[in-house]
Amino acid sequence: MDKIRPRTLSGFMELLPPAQAKMELFMQTLRDSYSLYGFAPLDTPIIEDAEVLLAKGGGETEKQIYRFMKGDSDLALRFDLTVPLAKYVALNYGQLTFPFRRYQIGKVYRGERAQRGRFREFYQADIDIIGDGRLDIMSEAEIPAVIYHTFSALGLRRFCINLNNRKVLNGFFEILGLGAISGDVMRAIDRLDKIGPEKTRAMLTELGVAPDTAGEIMRFIGAAGTNAQKLNMLEAYRGKNGLFDLGLDELRAVASYLPAFGVPEEHCAINLTIARGLDYYTGTVYETTMLDYPEIGSICSGGRYDDLAAYYTDKNLPGVGISIGVTRLFFVLEEQNLLSQRIISSPSDLLVIPMTDDPAFAVACATAMRRAGIRTQVYTENKKFKAKISYADKLGVPFVAFIGQDEVDSGNMAVKDMTSGEQRSLSPQDAAGYIANELSCRRGAALIEEK
RNA sequence: GUGGGUAUAGCUCAGGUGGUUAGAGCGCUAGGUUGUGGCCCUAGAGGCCGACGGUUCGAGUCCGUUUAUCCACCCCA
């Protein structure tokens, strides 16, 4: 009989158990970090009514969204977590307490061509703070702290949160008389780090920007130095444009609270080239990059927006949020070999191997170990001894307990440390203490270990 | 959506100018005798050479079509 060839669609990540164990730890670390800052967990359906998801319509979203009919229902898979959040907040407005702080980690779908590090199904890990009518600048100032803590908790050290403000950029363009093409100009300067100053200048010229104006833009966005020095440079433009002045005040406020939030300046820098492609950002924007892997691009992006749910409600709901591309980041970390080898990725801490015809004592030992919190499985297949211990070896189970006739007679367990090869005969109670103690010494390794 | 590359064992890949039973490494299975894994040795299983069509006495190899996949661009996480 012909078999159907098993296959997984391109662009869909499917991991083997050891890698999946690390992925789970990754996401648990994110959950713990987000919740430490007072964000509430939220989940929403993967499938929504197409009319709801495509409320905004047009553009890339329309082209990339998975959409299908089920009977008479026009359905679509969510392509991010922000649109479902907007719907959720509009729908449950009366029952939510504002500012509404939620985190959500979930799969999203984009029907585009998959390639290296680009997936069609991937996890996003979002946090957002939604205000009712207004939202203080302090929420924008707090976001870098959450990003900093989250990546630090993962074990990442070599990263930088880039800060900018859309009002500063748009105000600056208005000062230069480029207000009409600010979107195109922003797109051009956003690519500075990727294509270099010459090509950026050429793009500006193509847009019809006069040479000396282009020069001023290049000087402006290329500003170097500390955050304080960059803010001083910006002060030179104060008084020429209301929007710019407002943005400068916001940027200054966000930067000034970094120390109180515990964010070191070397991890959070004003970068005037950061524009973000998404057009709904209206204030602070964030983009986090790994210092040793700039080619990867942003691993966490977000910003301030003025009206989250305008398509669903008349309520004005300004907010600020960020998204970590979990699947891409995990893929890159694995590819760069930055995931710690010290993480215990075994599904069990202990494998109990019965060697007598009646496994009752072995099962009783396993029960005692589980009561002590030790993740335990019993090997019950009737195979040769070698195959049994090899099973533990392949799974990376750190401890094995042999239960043969000697053990049944003595009431002890023969506990072997698979790393050292050392073996000792212990009562179940002593064995539980020994294993738990050893494990606690080995746990706690960070997920990411930079070279 | 645009441009380029690649499809041979479970995985990574060899297979000059067409020529008999298509190979390697890793992995897998079984041995190397009794209650000790990793290393080593031996043996074995496993392929309609992506699919369809063409050229030819003969195609894994050449040509066409198609599908899948990868890379780059666009855009993004």
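All chains are named by letter (A, B, ...) in the order of the sequence lines, taking the proteins before the strands, and each is independently numbered beginning at 1.
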Would you be so kind as to tabulate the donor-acceptor pairs closer than 3.5 Å made by side chains of residues 151-162 of chain A, with sequence neighbours excluded?
unit_1   : atom_1 : unit_2   : atom_2 : d
A/Ser152 : OG     : A/Tyr148 : O      : 2.8
A/Arg157 : NH1    : A/Ser152 : O      : 3.3
A/Arg158 : NE     : A/Asp292 : OD1    : 3.4
A/Arg158 : NE     : A/Asp292 : OD2    : 3.3
A/Arg158 : NH2    : A/Asp292 : OD1    : 3.0
A/Asn162 : OD1    : A/Asn271 : ND2    : 3.2
A/Asn162 : ND2    : A/Glu287 : O      : 3.1
A/Asn162 : ND2    : A/Thr289 : OG1    : 3.4

- Message: If I take atom CG from residue A/Leu176 and atom CZ from residue A/Phe220, how far apart are they, to the nearest 0.5 angstrom?
- Response: 8.5 Å

- Task: Any chance you could measure A/Ser348, atom OG, to A/Arg370, atom CZ, to the nearest 0.5 Å?
- Result: 8.5 Å

Gap in Å between the two [atom1] atoms, one belonging to [N] and one to [M], rounded:
N: B/G15; M: B/U21; atom1: C1'; answer: 16 Å
N: B/G60; M: B/A51; atom1: P; answer: 11 Å
N: B/U6; M: B/G10; atom1: P; answer: 23 Å
N: B/U61; M: B/G18; atom1: C1'; answer: 6 Å
N: B/C62; M: B/A68; atom1: C1'; answer: 22 Å
N: B/G53; M: B/U67; atom1: C1'; answer: 14 Å
N: B/G64; M: B/A22; atom1: P; answer: 27 Å
N: B/G38; M: B/C28; atom1: P; answer: 11 Å

Can you tell me if [X] has over 12 outside heavy atoms packed within less than 6.0 Å of its [atom1]?
X: A/Arg371; atom1: CZ; answer: no
X: A/Asn92; atom1: CG; answer: yes
X: A/Glu14; atom1: CD; answer: no
X: A/Asn382; atom1: CG; answer: no

- Query: When you look for runs of 3 or more Watson-Crick or G-U pairs in a row, both distances below 3.5 Å, which of them include RNA chain B?
  - Reply: B:1-7 with B:67-73, B:10-13 with B:23-26, B:28-32 with B:40-44, B:50-54 with B:62-66

Which part of the nucleic acid does [X] contact within heavy-atom distance under 4.0 Å: base, sugar-phosphate only, or nothing?
X: A/Glu422; answer: nothing
X: A/Arg110; answer: base
X: A/Asp406; answer: base
X: A/Gly421; answer: base
X: A/Tyr123; answer: nothing

- Message: I'd like to check, for A/Phe402, whether its ring lies over the base of B/G35 with centroids under 5.5 Å apart and a plane angle smaller than 30°.
- Response: no

Could I get a table of every N or O pair under 3.5 Å where one atom is in the protein and the other is in nucleotides 71-74 of chain B?
unit_1 : atom_1 : unit_2   : atom_2 : d
B/C71  : OP1    : A/Arg116 : N      : 3.0
B/C71  : OP1    : A/Arg116 : NH1    : 3.4
B/C71  : OP2    : A/Arg116 : N      : 2.6
B/A72  : OP2    : A/Gln115 : OE1    : 3.1
B/C73  : N4     : A/Gln115 : NE2    : 3.4
B/C74  : OP1    : A/Arg191 : NH1    : 2.6
B/C74  : OP1    : A/Arg191 : NH2    : 3.3
B/C74  : N4     : A/Arg118 : NH1    : 2.6
B/C74  : N4     : A/Arg118 : NH2    : 3.0

Between [N] atom [atom2] and [X] atom [atom1], what is the distance in whole Å?
X: A/Lys388; N: B/U34; atom1: NZ; atom2: P; result: 13 Å
X: A/Lys63; N: B/C76; atom1: NZ; atom2: C1'; result: 12 Å
X: A/Ile353; N: B/G35; atom1: CD1; atom2: C1'; result: 10 Å
X: A/Met290; N: B/A77; atom1: CE; atom2: P; result: 18 Å

- Taking the inter-plane angle between the rings of A/Tyr66 and A/Tyr109 on a 0 to 90° scale, is it parallel (under 30°), tilted (30 to 60°) or perpendicular (over 60°)? perpendicular

- Item | Nearest to side-chain heavy atoms of A/Gln423, which nucleotide of B/G35, B/G37, B/U36 | B/U36

- Among B/U36, B/C70, B/G38, find the nucleotide with the atom closest to the side chain of A/Ile389. B/U36

- Query: Hey, do the aromatic rings of A/Tyr103 and A/Tyr37 have their centres closer than 6.0 Å?
  - Reply: no

Output a table of donor-acceptor pairs, distance under 3.5 Å, between side-chain atoms of residues 427-439 of chain A and any protein atom two or more places apart or on a different chain; print 'none' if there are none.
unit_1   : atom_1 : unit_2   : atom_2 : d
A/Ser427 : OG     : A/Asp430 : N      : 3.2
A/Ser427 : OG     : A/Asp430 : OD2    : 3.4
A/Glu438 : OE1    : A/Arg442 : NH2    : 3.2

- By nearest nucleotide on RNA chain B, pick out whichever of A/Gln124 and A/Arg120 is the more 5' one. A/Arg120

- If you pin A/Gly404 and A/Ile299 to their nearest nucleotides in RNA chain B, which one's is more 5'? A/Gly404

Using atom types as modelled, flag every donor-acceptor pair under 3.5 Å from a side chain in residues 387-401 of chain A to any protein atom, sequence neighbours excluded.
unit_1   : atom_1 : unit_2   : atom_2 : d
A/Lys388 : NZ     : A/Pro354 : O      : 3.2
A/Tyr391 : OH     : A/Gln377 : OE1    : 3.1

- Message: Under a 4.0 Å threshold between the charged nitrogen and the carboxylate oxygen, would A/Glu112 count as salt-bridged to A/Arg118?
- Response: yes

- Query: Does A/Ser10 put a side-chain nitrogen or oxygen below 4.0 Å from OP1 or OP2 of B/C70?
  - Reply: yes

- Go through the N and O atoms of the side chain of A/Gln64 and the base of B/G1, and report whether any donor-acceptor pair is under 3.5 Å. no

- Query: Which letters describe nucleotides 26-32 of chain B, given B = protein heavy atom under 4.0 Å from base, S = only from sugar-phosphate, - = neither?
  - Reply: --SS-SB

- Query: Given A/Tyr34 and A/Asp126, is the side-chain hydrogen bond (donor to acceptor under 3.5 Å, both in side chains) satisfied, shown in steps?
  - Reply: CA-CA 9 Å; A/Tyr34 287 169; A/Asp126 284 27; over 6 Å; no

